[in-house]
Amino acid sequence: MKVNLLRPRRLRKNEALRSMVRENTVSIKDFIYPIFVVPGQKVKEEISSLPGCYHFSVDEALKEVEKAAKVGIPAVEIFGLPEYKDDIGSSAWDMTSPVQQAMKAIKKEFPHMLIVGDVCLCQYTNSGHCGKLCGQEVDNDPTLELLAKTAVSQAEAGADIIAPSDMMDGRIAAIREALDKEKYENTSIMSYAVKYASAYYGPFRDAANSAPQFGNRKGYQMDPANSREAMKEVELDLAEGADIIMVKPALAYLDIVHQVREKINRPVAVYNVSGEYAMVKAAAANGWIDEKRIVMESMMCMKRAGADIIISYHAIDVAKWLKEEENNV
Ligand SMILES: [Zn+2]
């Protein structure tokens with residue numbers, strides 16, 4: 001009889017064995033749940049391109065945070081639609097804007113919930129670009145000061161982690177310096193260090209009303225063709241004081257997540273973006289895929305690629321499904 005020394009199937013015999021040798025796990029503790037806040041009261045409007053996600057006024061956002069806290073999600077990331085827009089995006093650092101108001105209210109009601117603040121100007125500028133313009137271009141250095149101001153206002157409102165998503169050069173250092181100057185030296189920075197100019201952001205722009213009024217963001221976001229450049233962005237942001245490095249989008253960029261994970265000793269986050277979510281939701285609504293299995297497999301693959309932290313609109317469902325799995329064992 002032929003002796004087969006290597007039979008990988010031996011370790012796949014049953015679930016107990018499979019789970020014993022499983023190399024990666026998904027835990028709800030890995031997740032950050034994004035929430036969109038808008039002006040007003042008693043507002044809860046579903047975002048058409050992101051089914052299951054809503055625009056919430058601050059009072060309603062608190063109910064959503066409570067839901068997230070109940071299922072064990074440790075962190076929420078707050079995005080906002082402001083009351084007004086102008087050339088420099090000054091509602092981004094207005095303490096009466098929905099984002100700052102939501103942060104204050106969440107910190108008060110749910111002191112253990114980590115608050116992540118998205119720092120960018122595209123939701124707040126008339127142009128829909130991520131900074132102050134000079135002609136048709138975003139003017140990098142004058143924008144840094146505005147981003148720093150926004151970061152400080154969010155720290156003041158209660159943000160534990162500042163997450164700049166603008167992709168301006170030098171913004172991590174500018175934000176770090178401004179936070180430290182205002183005695184927020186213990187507020188972390190999660191840098192959207194590797195953010196590609198991606199079509200996967202489409203539904204988010206509806207959600208955040210932040211589509212550029214002209215042109216595109218290719219002048220500051222990364223070219224999807226590049227991976228060496230990703231490491232350059234990561235190195236710069238680490239040198240400037242980033243505590244966590246993010247890669248965005250997630251699924252089409254897992255090779256980049258893996259490269260970053262191999263090279264750095266800081267936590268790595270991925271953003272499972274709106275387009276990824278919307279595709280799953282649309283296919284599931286048509287009965288073409290098994291939503292739960294597709295989502296859980298995708299989350300596991302992000303972990304396998306090297307992500308420590310996953311920002312996802314699926315977070316509440318993931319929590320529910322993880323609980324179900326736990327109960328089935
Ligand atoms: Zn932006």
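For ligands, and for the atoms within them, numbers begin at 1 and follow the listed sequence.
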Would you confirm whether the ring centroid of His314 sits within less than 6.0 angstrom of the ring centroid of Phe31? no
Listed by chain and number, what are the ring pair (Phe, Tyr, Trp, His ring centres under 6.0 Å) partners of Phe79, not counting sequence neighbours? Phe36, Phe204
Using the ring pair (Phe, Tyr, Trp, His ring centres under 6.0 Å) criterion, which residues pair with Tyr313? Sequence neighbours excluded. Tyr277
Which protein N, O or S atoms lie under 2.8 Å from the Zn ion (ligand 1)?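 Cys120 SG, Cys122 SG, Cys130 SG, with waters left out.
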For residues Pro224 and Tyr253, report the shortest heavy-atom separation together with the two atoms involved.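 Heavy atoms only, the tightest pair is CB-OH, 3.3 Å.
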Linking directly or through intermediates, with side-chain heavy atoms under 4.5 Å: list the remaining ILVMFWY members grouped with Leu236, chain and number order.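 Under the 4.5 Å side-chain rule, Leu236 groups with nothing.
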Is it the case that atom CD in Glu229 sees more than 12 heavy atoms from other parts of the structure closer than 6.0 Å?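 Buried by this count: over 12 neighbours within 6.0 Å.
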